[in-house]
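For reference, the structure discussed in these notes is given below.
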Amino acid sequence: METRIAVLASGAGSNFKALVTGDTGSGKVDILLTDNENAGALKLAAELGVESKYLYPGKYRTRFGVREEELWAEYLLGRGVQLVCLAGLMRIIKGPLLDAFKGRMMNIHPSLLPAFPGLDAQGQAFEYGVKIAGCTVHYVDGGTDTGPIILQESVPVFESDQRDSLAARILMKEHEIYSKAVKAHLEGRAVYSRIVR
Ligand code: GAR
């Protein structure tokens, strides 16, 4: 049986596309939701034939209003969504929307968490001078890029790298691991880590 997946994105949507075209096992990306009317992901959704919708996120910049989280949750539950994948959603989810999908909401982040959470993780890693960078898919727990890790992959940092060349290498790796993490979750192989919060 198919598992209905919703992808929530604010930006270009390349990870959304990777989830639509990748092997997620029984998963099927049914809907793209965005908090940004100008998100490139909306155009990609039209090209890929995936239903998409902009929903008002509320008056705050980095999180949703509580009422808006309720409305987003109602929308997703009403459509029978079983798994929510954040793919470049630049807002924290920590209220009714998270409650509705606890353990069924995951996020991708362009660093080897717990290193470099937050904005411009690739730039943070580059400036720090790490020799190995990477990306992480994890369950969402209401923090900023925190929560039990499902999958991580590393990429090398070369002498010749700039922030953008490193970010591009990480992004390619992100596209590989997100669908793998979803598949692992759906097959019961994404075991919660030992982190106790
Ligand atoms: C990706 O690099 C994703 O990991 C990052 O935003 C980018 C979205 O790109 N997310 C975060 O930084 C979350 N903290 P995309 O729109 O092309 O998928």
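For ligands, and for the atoms within them, numbers begin at 1 and follow the listed sequence.
- The Asp145 neighbourhood of ligand 1 comprises atoms 13 (C), 14 (N), with distances under 4.0 Å to a heavy atom of that residue.
- Closest heavy-atom approach to atom 8 (C) of ligand 1 within the set Gly88, Pro117, Cys135: this belongs to Gly88.
- Protein heavy atom closest to atom 9 (O) of ligand 1, with residue, atom name and distance, is Asn15 ND2, 4.1 Å.
- Gln152 and Thr136 share a side-chain donor-acceptor pair at under 3.5 Å.
- For atom 17 (O) of ligand 1, the nearest protein heavy atom (residue, atom name, distance) is Ser14 OG, 2.6 Å.
- Contact check on Glu51 versus Arg79 returns a salt bridge, with a Lys/Arg side-chain nitrogen under 4.0 Å from an Asp/Glu carboxylate oxygen.
- Surrounding CG of Leu77 are more than 12 heavy atoms belonging to other residues, nucleotides or ligands, all under 6.0 Å away.
- Distances below 4.0 Å separate heavy atoms of Glu174 from the following atoms of ligand 1: 1 (C), 2 (O), 3 (C), 4 (O).
- Both tests do not hold together for Arg163 against Phe126: distance to the six-membered ring centre under 6.0 Å, angle to the ring axis within 45°.
- Residues forming a ring-ring contact (aromatic ring centres under 6.0 Å, His included) with Tyr128 (at least two apart in sequence, or on another chain): Phe116.
- Using a 4.0 angstrom heavy-atom cutoff, Gly13 counts as in contact with ligand 1.
- With ligand atoms numbered from 1 in the order given, ligand 1 contributes 6 (O), 11 (C), 12 (O) to contacts under 4.0 Å with heavy atoms of Met90.
- An N or O contact shorter than 3.5 Å is missing between Phe16 and ligand 1 by distance.
- Put simply, the side chain of Gln124 gets close to the backbone of Leu119: a donor and an acceptor are under 3.5 Å apart.
- Between the side chains of Thr146 and Asp141, at least one donor N or O lies within less than 3.5 Å of an accepting N or O.
- The nearest non-hydrogen atom to atom 12 (O) of ligand 1, considering only Ala167, Ala18, Pro110, comes from Pro110.
- Looking only at heavy atoms of the protein, atom 13 (C) of ligand 1 is closest to His109 ND1, 3.7 Å.
- Using 4.0 Å as the threshold, Ala121 has no heavy atom nearer than that to any atom of ligand 1.
- Taking any N or O of Asn107, backbone or side chain, none lies under 3.5 Å from an N or O belonging to ligand 1.
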TODO: Starting from the C-alpha separation in whole Å, work towards a yes-or-no answer on side-chain contact (heavy atoms from CB on, under 4.5 Å) for Val157 and Val130.
DONE: CA-CA 7 Å; Val157 183; Val130 299; 4.2 Å; yes
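- At the shortest separation from atom 10 (N) of ligand 1 among protein heavy atoms lies Ile108 O, 3.7 Å.
- Here is the list of ligand 1 atoms found below 4.0 Å of a heavy atom in Ala12: 16 (O), 17 (O).
- Side-chain contact annotation: Ser10 with Asp35, donor-acceptor N/O pair under 3.5 Å present.
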